[in-house]
Amino acid sequence: MAPVIQIVGYKNSGKTTLITRLIELFHGMNLRVAVIKHDLHGFEADRERTDSYRYRQAGAAGTAITSPWRTAIFEERETPLADLISRFADYDLILVEGFKQESYPKMVMLRSAEDEPLIRDLKQVCAVIQKEAAFPASQEEPRRFQRDEIEQIAEFLRHRWL
């Protein structure tokens with residue numbers, strides 16, 4: 001089973017940017033990273049005029065499209081995080097954006113000091129990524145990083161889980 005690390009924080013805290021930068025680093029190390037994103041606001045991933053879009057519009061509850069290079073599955077239901085994780089079990093690392101209340105190790109993104117209570121409110125916080133330089137970085141638990149310390153964050157994850 002691949003290690004699962006959650007990246008959590010409030011809206012506009014930098015979660016997607018951090019995940020993207022970590023993926024680039026890990027990809028350069030030949031590690032296969034899967035990402036699962038939780039979106040409470042709903043989303044549209046399929047485009048108009050595609051066959052899969054037309055199937056969904058016609059009422060299909062589930063649609064899959066696959067080619068020699070890519071597979072996409074669309075289901076008209078919420079899928080439990082555990083089910084999504086099991087689909088990516090053979091990857092080297094699974095990064096999860098969101099799902100704050102799940103119990104996997106978490107890296108918490110802070111925008112400002114007002115976000116600090118999030119550290120206490122969540123389970124399994126292993127690291128804190130800070131936006132403001134006013135917070136001192138720390139080697140203590142949970143480990144604290146500045147937002148631009150991408151290489152150090154990646155090394156922390158590699159050393160601890162990979």
Side-chain angles (χ1 to χ4, degrees), residues 1-46 62 70-162:
M1 181 64 147
V4 176
I5 306 299
Q6 291 181 255
I7 311 294
V8 301
Y10 295 121
K11 186 175 177 143
N12 295 321
S13 61
K15 299 180 298 289
T16 301
T17 300
L18 174 65
I19 290 170
T20 301
R21 293 182 70 195
L22 288 171
I23 292 168
E24 290 169 350
L25 279 176
F26 290 137
H27 179 75
M29 297 175 193
N30 293 320
L31 295 173
R32 293 180 52 222
V33 178
V35 179
I36 300 168
K37 179 179 174 74
H38 194 223
D39 185 344
L40 293 173
H41 308 290
F43 66 93
E44 282 296 321
D46 209 359
R70 179 176 298 144
T71 297
I73 299 172
F74 301 97
E75 296 180 301
E76 301 301 318
R77 66 179 180 99
E78 183 175 17
T79 304
L81 180 58
D83 292 356
L84 296 169
I85 288 170
S86 71
R87 289 184 189 201
F88 295 122
D90 64 339
Y91 285 70
D92 297 311
L93 176 65
I94 301 170
L95 296 176
V96 175
E97 181 176 336
F99 293 95
K100 285 185 189 95
Q101 301 310 315
E102 294 287 338
S103 61
Y104 296 96
K106 291 174 187 58
M107 300 180 83
V108 178
M109 304 288 297
L110 299 182
R111 300 171 299 188
S112 67
E114 289 79 37
D115 292 350
E116 285 271 344
L118 195 54
I119 299 168
R120 292 185 303 278
D121 295 343
L122 298 176
K123 297 175 186 164
Q124 291 202 44
V125 175
C126 64
V128 176
I129 315 298
Q130 304 165 160
K131 182 175 183 177
E132 295 181 1
F135 293 111
S138 170
Q139 299 288 332
E140 299 171 15
E141 290 291 327
R143 177 79 188 273
R144 288 187 180 246
F145 296 94
Q146 297 299 323
R147 198 185 263 183
D148 61 349
E149 295 181 309
I150 302 302
E151 290 83 10
Q152 294 92 328
I153 295 167
E155 186 56 32
F156 170 76
L157 293 174
R158 257 181 23 93
H159 181 263
R160 196 154 175 185
W161 285 283
L162 299 175

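Side chains of Gln6 and Leu95 form no contact here, defined as non-hydrogen atoms less than 4.5 Å apart. For the pair Val96 and Tyr104, the minimum side-chain heavy-atom distance is 4.5 Å or more. In this structure the side chain of Lys106 never reaches within 4.5 angstrom of the side chain of Leu118, judged on heavy atoms. Side-chain contact between Asp92 and Phe26 is absent, with no heavy atoms from C-beta onward closer than 4.5 Å. The shortest distance between side-chain heavy atoms of Leu110 and Arg144 falls below 4.5 Å.
Atom CG of Leu25 is separated from atom CD of Glu151 by 5.5 Å, given to the nearest 0.5 angstrom. We find the CD1-CG distance between Ile7 and Leu22 to be 6.0 Å, quoted to the nearest 0.5 Å. Rounding to the nearest 0.5 angstrom, the gap separating the CZ atom in Arg111 from the CD atom in Gln130 is 14.5 Å.
Evaluation of the side chain to side chain contact (heavy atoms under 4.5 Å, CB included) rule for Ala2 yields Ile94 as partners, not counting sequence neighbours. Take Glu102 and apply the side chain to side chain donor-acceptor pair (under 3.5 Å) test, not counting sequence neighbours, and it matches no residue. Applying the side chain to side chain donor-acceptor pair (under 3.5 Å) criterion to Glu155, with sequence neighbours excluded, gives Arg158. With sequence neighbours excluded, no residue forms a side chain to side chain contact (heavy atoms under 4.5 Å, CB included) with Asn12. Glu78 meets the salt bridge (Lys or Arg N to Asp or Glu O under 4.0 Å) test with no other residue; sequence neighbours excluded.
Closest approach of Pro3 and Trp161 over heavy atoms only: CG-O, 3.5 Å. In terms of heavy atoms, Ile153 sits closest to Leu18 at CD1-CD1, 4.0 Å. When all heavy atoms are compared, the tightest approach of Phe99 to Lys37 is CE1-C, 4.3 Å. Of all heavy-atom pairs between Val33 and Tyr91, the closest is C-CD2, 4.0 Å. Residues Val8 and Lys15 come closest through the heavy atom pair C-CD, 3.7 Å. The heavy-atom pair separating Met1 from Ala89 by the smallest distance is SD-CB, 3.6 Å.
Note on residues 19-29: no pairs pass side chain to side chain donor-acceptor pair (under 3.5 Å), not counting sequence neighbours.
A salt bridge does not link Arg143 to Glu149: none of the charged nitrogens lies less than 4.0 Å from a carboxylate oxygen.
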